[in-house]
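Lettering follows sequence order; numbering is per chain, from 1.
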Amino acid sequence: MPELPEVEVVRRGVDRWAQGRTVESVSVTDIRSLRRHDVSASSEAARIESFVSALVGRRLAAPQRRGKFLWIPLETPLVAASPDADAGAGAGETIRPAPTHALLIHLGMSGQVLINTPSEPSQKHLKITLDLQLPGTETNQMRFIDQRIFGGMQISELVNSAHPSGSVPAAAAHIAADPLEPAMNAEEFFRSLRRKKTSLKRALLDQTMISGIGNIYADEALWFAQLHYLRPTGTMTRAEAARLLIAVEQVMLAALEAGGTSFDALYVNVNGASGYFDRSLQSYGRTGQPCRRCAETPRAALIRRDPFMGRSSFWCPTCQPRPRRLRA
DNA sequence: GAAGTCCTGGTG
DNA sequence: CACCAGGACTTC
């Protein structure tokens with residue numbers, strides 16, 4: 001399940017292998033991956049057409065990321081400076097207008113971005129949903145694969161924003177800064193927690209409060225910070241909020257390191273997850289296993305699993321005691 | 001703010 | 001064969 005670290009691995013792969021290439025053609029194999037693209041299109045054909053025409057001939061600029069959203073700003077082709085222009089533009093000078101739109105990608109649960117894969121996927125469940133042809137020497141194809149089609153791509157207008165790149169796609173403009181952005185601020189995080197009347201894990205999963213965190217890293221960060229997932233956000237202290245934010249950052253960076261170690265031209269992606277999961281997870285998926293923090297103490301406990309928000313929460317009863325009051 | 005929706009491979 | 005997993009969005 002791609003969360004921030006996995007998406008960042010993909011971003012780096014796209015940056016290395018596809019950035020600077022011009023899209024030659026696009027083929028859409030499963031329109032469901034374009035569910036969120038041009039929702040006002042009058043027909044499926046019109047939706048595909050508007051997606052394809054927005055991409056063909058465009059040069060892929062440096063890919064950007066916020067939380068779990070990834071986007072590639074689209075540059076218009078080089079335009080020769082007008083020969084009639086003033087003396088400022090010399091012969092052979094070109095103008096590259098700033099991108100106004102981006103290809104916005106969300107991996108959902110099972111999305112992958114692959115570069116230069118064989119025409120047939122290695123496994124049946126790797127469902128190809130669309131391909132971009134990118135003429136180039138090393139690589140010439142960027143492919144989107146999505147088994148469960150929760151993810152997708154869309155063309156979105158870029159709007160000015162505090163993001164390091166200066167803009168974000170309009171379709172992702174409601175997403176908050178993520179823990180690895182310079183804009184992330186502990187004091188603001190603390191205040192937004194205090195304002196919100198909800199449980200701590202719900203807040204961590206709310207992409208408009210802090211972005212990039214999914215079910216897995218939420219539980220991991222709560223374990224590291226020794227906080228219970230049902231803790232009312234209104235009762236959080238400044239110190240606890242700071243501790244939590246540091247835990248989030250640390251778990252993200254550790255996962256990134258583990259997931260970012262290996263990718264080649266074939267796999268931009270890739271489950272940063274698979275390598276990291278088995279070894280480093282402290283709470284997620286460890287139901288009934290000893291908590292690695294309190295294991296050697298007199299109060300050693302086993303990791304518990306509770307149903308939460310239609311999914312699961314994993315926690316240690318000793319290290320993350322349930323709050324007495326569940327409402328602020 | 002809870003529930004429903006989108007999906008399908010994998011598991012009980 | 002029923003059910004689970006999951007993120008983001010819509011709907012009550």
Query raised in the report: Do any side-chain nitrogens or oxygens of A:His106 fall under 4.0 Å of OP1 or OP2 in C:dG7?
Result: no
Query raised in the report: Between A:Arg32 and A:Asp146, is there a salt bridge with N-O shorter than 4.0 Å?
Result: no
Query raised in the report: Choosing from B:dA2, C:dG7, B:dT8, which nucleotide comes nearest the side chain of A:Arg32?
Result: B:dT8
Hey, what are the protein-to-nucleotides 9-12 of chain C N/O distances that come in under 3.5 Å?
from: C:dC9; atom 1: OP2; to: A:His174; atom 2: NE2; distance (Å): 3.0

**Report entry** Distance in angstrom units between A:Tyr217 OH and C:dG7 P, rounded
**Finding:** 12 Å
Query - Among C:dA5, B:dG1, C:dG7, the nucleotide that comes nearest once only the side chain of A:Tyr284 is considered - result: C:dA5
Requested in this report: Work out which heavy atom in A:Pro179 is nearest to a heavy atom in A:Ile210; give both atom names and the distance.
Outcome: CG-CD1, 4.0 Å
Query raised in the report: Does the pair A:Arg11/A:Glu8 count as a salt bridge with the N-to-O cut at 4.0 Å?
Result: yes
Requested in this report: Could you state the atom-to-atom distance from CG of A:Leu4 to C1' of C:dG7 in whole Å?
Outcome: 14 Å
**Report entry** Within residues 305-314 of chain A, residues whose heavy atoms come under 4.0 Å of DNA chain C
**Finding:** A:Arg305, A:Arg311, A:Ser312
Query raised in the report: Between A:Glu181 and A:Arg66, is there a side-chain N and carboxylate O pair less than 4.0 Å apart?
Result: yes
Query raised in the report: Can you check the A:Ile210 CD1 to C:dG7 C1' distance for me, whole Å?
Result: 16 Å
Report task. Using atom CG of A:Asn215 as one end and atom P of C:dA5 as the other, report the distance to the nearest whole Å. Result -> 9 Å
Query raised in the report: At their closest point, which heavy atom of A:Thr235 faces which heavy atom of A:Glu240, and how far apart are they?
Result: O-OE1, 4.1 Å
Report task. Look only at the side chain of A:Ser53 and the backbone of A:Glu49, and say whether a donor-acceptor pair between them is shorter than 3.5 Å. Result -> yes
Report summary line: Only one of A:Phe308, A:Tyr284, A:Tyr217, A:Tyr229 passes ring pair (Phe, Tyr, Trp, His ring centres under 6.0 Å) with A:Phe314, and that residue is A:Tyr284
Query - d(CG, A:Asp178; P, C:dG7) in whole Å - result: 16 Å
Requested in this report: Could you check how far CD of A:Glu6 sits from C1' of C:dG7, rounded to whole Å?
Outcome: 13 Å
Report task. Find the distance A:Ile145:CD1 to B:dG9:C1' and express it as a whole number of Å. Result -> 15 Å
Requested in this report: Using atom CD1 of A:Ile31 as one end and atom C1' of B:dC7 as the other, report the distance to the nearest whole Å.
Outcome: 16 Å
Query raised in the report: Would A:His163 and A:Ser165 count as having a side-chain donor-acceptor pair, cut-off 3.5 Å?
Result: yes
Query raised in the report: Between A:Glu6 and A:Lys68, is there a side-chain N and carboxylate O pair less than 4.0 Å apart?
Result: no
Query raised in the report: Does A:Arg35 put a side-chain nitrogen or oxygen below 4.0 Å from OP1 or OP2 of B:dC7?
Result: yes
